[in-house]
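This report concerns only the one structure given below.
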Amino acid sequence: QLRAGEQVSFEQTHVTKQGARIPVEVHAHMGIIQGKPVVISLVHNISKRKRIEQELRRFEAVVSQTDDAVVITDAPADGIPTILFANDAFTRITGYTQQEALYQLAQNVGESQLDWQAIHAILQQGEVYRGITRSSHKQGAPLTLQWCITPIVNDQDAITHLVATIRDISEQERQFQQLQAVKNDLQVSQSHLDGILNTMEDAVLSLSLPDRQPIYVSGVFERVFGYPLQQFLDDPLFFKQIIHPDELPKTLAAMQKALSEGFAELEHRLILPDGRVRWLQRRAWVNYDEQGRPSRVNDSARVFSARKEAE
């Protein structure tokens with residue numbers, strides 16, 4: 001090829017004096033020096049280019065397999081960027097083909113909600129933009145998209161491109177809204193239940209086991225027991241101090257029965273802060289977890305001193 005007057009370019013692997021192998025690109029052509037034909041070769045170390053090509057191949061493999069849409073755009077100083085590349089997931093999520101994506105973002109998937117001026121300000125500070133927009137599929141179905149936009153800079157720290165990953169969180173948004181609706185319904189039901197329980201004579205207390213954290217306390221608890229709830233929560237043995245000594249053994253036995261058999265009921269005397277005695281009628285029952293361990297204890301109590309005094 002050289003004798004025919006052609007220029008030749010090819011790649012080789014060279015070995016340095018220290019034994020390191022380096023990829024090179026050779027450009028050779030014929031020339032004349034001092035009247036003699038010679039071969040002039042320019043040899044470039046292409047190690048960096050090879051690393052970049054390898055990284056690009058890895059990036060392409062990752063981008064093609066990810067479930068998230070990956071979009072590469074230019075980086076105009078102001079205004080909406082133009083898509084230069086979009087992976088297959090972009091088409092699956094938005095319904096637009098890659099060819100259709102080679103257009104302004106706002107025209108494709110409704111990203112006019114993105115405040116590009118604010119985004120530019122964030123990216124100029126070297127930070128990554130994260131946000132959520134509501135958009136539409138090409139066929140009209142609503143979409144909720146989660147954005148992560150990363151700036152790509154050159155050696156002068158100037159932003160040259162933007163890489164955006166877009167995740168479709170429409171299903172999660174729908175499930176969240178359903179859970180929120182259920183939560184609202186439960187809150188309404190709980191409010192109704194509280195209203196009913198607070199008009200009843202019974203004080204209801206539910207504690208988690210074994211940490212004894214309150215799950216539910218009816219509004220009449222302190223009125224029935226005569227002591228602040230916090231005293232019961234701070235000291236698990238507080239009830240021993242306020243139950244009449246004559247009633248303590250059978251009360252402890254009933255509580256143990258509730259833990260072992262799941263239910264117990266009893267009547268006992270309670271000593272109030274002013275020294276008066278009050279009769280309580282109590283029912284205790286226990287809930288268990290999937291492993292059969294006690295997970296919740298419930299206590300319902302009502303005052304019936306007048307009847308006991310009559311008896």
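Here, residue 1 is the first one in the sequence, and each next residue gets the next number.
Rounding to the nearest 0.5 angstrom, the gap separating the CD atom in Gln281 from the CD atom in Glu265 is 7.0 Å. Of the inter-residue distances, the one linking Phe238 atom CZ with Ile243 atom CD1 reads 10.5 Å to the nearest 0.5 angstrom. In this structure, OG1 in Thr133 is found 8.0 Å from CD1 in Ile166, a value given to the nearest 0.5 Å. Annotation: the span from Ser300 atom OG to Asp202 atom CG amounts to 4.0 Å, rounded to 0.5 Å. Atom OG1 of residue Thr150 and atom CZ of residue Arg130 lie 7.0 Å apart, to the nearest 0.5 angstrom. Going from atom OG of Ser170 over to atom CZ of Arg134 covers 9.5 Å, rounded to the nearest 0.5 Å.
Leu272 and Gly226 get closest at one heavy-atom pair: CD2-CA, 4.2 Å. Annotation for Ala86 and Val71: closest pair CB-CG2, 4.3 Å, computed over non-hydrogen atoms. Contact detail for His137 and Arg92: the closest heavy-atom pair is NE2-O, 4.2 Å. Taking all atoms of both residues into account, the shortest heavy-atom contact from Glu247 to Glu267 is OE1-O, 4.0 Å. Taking both residues in full, the closest heavy atoms of Pro294 and Val286 are given as CB-CG1, 3.8 Å, listed atom of the first, atom of the second, then distance. The nearest pair of heavy atoms linking Thr73 to Pro81 is OG1-CB, 3.5 Å.
Under the 3.5 Å distance criterion, the side-chain polar atoms of Thr160 are matched with a main-chain donor or acceptor of Ile152. At distances below 3.5 Å, not a single donor-acceptor pair connects side-chain atoms of Ser295 with backbone N or O atoms of Leu209. Here the side chain of Asp74 pairs a donor or acceptor atom with the backbone of Thr82 at under 3.5 angstrom. Side-chain atoms of Arg283 do not come within 3.5 Å of backbone N or O of Phe263 as any donor-acceptor pair. Judged purely by atom type and a 3.5 angstrom limit, Asn87 uses its side chain to pair as donor or acceptor with the backbone of Val70.
For Asp289, the salt bridge (charged side-chain N to carboxylate O under 4.0 Å, His left out) partners are Arg293, not counting sequence neighbours. A search for side chain to side chain donor-acceptor pair (under 3.5 Å) contacts involving His120 returns nothing, not counting sequence neighbours. With sequence neighbours left out, Arg276 forms a salt bridge (charged side-chain N to carboxylate O under 4.0 Å, His left out) with Asp274. Partners of Val39 according to the side chain to side chain contact (heavy atoms under 4.5 Å, CB included) rule, which considers only residues two or more places apart in sequence or in another chain, are Leu2, Ala28, Met30, Ser41. Listed by chain and number, the residues in a side chain to side chain contact (heavy atoms under 4.5 Å, CB included) with Arg167 are Asp68, Gln146, Ile169 (sequence neighbours excluded). The side chain to side chain donor-acceptor pair (under 3.5 Å) search around Asp67 returns none, not counting sequence neighbours. Remark: Asn298 pairs with Ser206, Asn287, Arg296 by the side chain to side chain donor-acceptor pair (under 3.5 Å) rule, at least two apart or across chains. Residues satisfying the salt bridge (charged side-chain N to carboxylate O under 4.0 Å, His left out) test with Arg212, not counting sequence neighbours, are none. Taking Asp234 as the reference, Gln230 meet the side chain to side chain donor-acceptor pair (under 3.5 Å) condition, with sequence neighbours excluded. Asp246 pairs by the salt bridge (charged side-chain N to carboxylate O under 4.0 Å, His left out) definition with Arg269, not counting sequence neighbours.
Using a 4.5 Å cut-off between side-chain heavy atoms of Ile, Leu, Val, Met, Phe, Trp and Tyr, with links allowed through other members, Ile271 and Phe221 fall into different hydrophobic clusters. Hydrophobic cluster membership is shared by Leu270 and Val217, with clusters built from Ile, Leu, Val, Met, Phe, Trp and Tyr side chains linked at under 4.5 angstrom. Linking ILVMFWY residues whenever their side-chain heavy atoms come closer than 4.5 Å, directly or via other members, leaves Leu266 and Leu248 in distinct clusters. The hydrophobic cluster containing Ile215 does not contain Tyr288, counting ILVMFWY residues as joined when their side-chain heavy atoms lie under 4.5 angstrom apart, directly or transitively. Cluster annotation: Ile149 and Val128 are assigned to distinct hydrophobic clusters (Ile/Leu/Val/Met/Phe/Trp/Tyr, side-chain heavy-atom contacts under 4.5 Å, transitive).
Remark: Lys250 NZ is packed, more than 12 non-hydrogen atoms of other residues, nucleotides or ligands lying under 6.0 Å away. A 6.0 Å sphere centred on CD of Glu290 holds no more than 12 heavy atoms belonging to other residues, nucleotides or ligands.
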Inset, instruction - Show your working on side chain to side chain contact (heavy atoms under 4.5 Å, CB included) between Ile40 and Val38 and close with a plain yes or no. - result: CA-CA 6 Å; Ile40 302 173; Val38 296; 4.1 Å; yes

Inset, instruction - Test side chain to side chain contact (heavy atoms under 4.5 Å, CB included) on Val224 and Arg302 and set out the steps. - result: CA-CA 7 Å; Val224 170; Arg302 66 166 51 189; 5.8 Å; no

Inset, instruction - Give the C-alpha distance, both sets of side-chain angles, the deciding distance and a yes or no for side chain to side chain contact (heavy atoms under 4.5 Å, CB included) between Leu229 and Leu205. - result: CA-CA 10 Å; Leu229 171 65; Leu205 171 66; 4.0 Å; yes

Legend entry - side chain to side chain contact (heavy atoms under 4.5 Å, CB included) between Leu207 and Leu233, intermediate numbers included: CA-CA 9 Å; Leu207 300 177; Leu233 300 179; 3.8 Å; yes

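Sequence neighbours left out, the pairs with a member in residues 8-32 that pass ring pair (Phe, Tyr, Trp, His ring centres under 6.0 Å) are His27-His44. Listed by first and then second residue, the salt bridge (Lys or Arg N to Asp or Glu O under 4.0 Å) pairs involving residues 26-40 amount to none (not counting sequence neighbours).
Annotation: side chain of Phe232 is not in contact with side chain of Asp299 (no heavy-atom distance under 4.5 Å). Using a 4.5 Å cut-off on side-chain heavy atoms (C-beta onward), Thr144 and Gln172 make no contact. Residues Gln231 and Ile242 have side chains not in contact (no heavy-atom distance under 4.5 Å, counting atoms from C-beta outward). Within the 4.5 Å cutoff, no side-chain heavy atoms of Tyr129 are placed close to those of Leu162.
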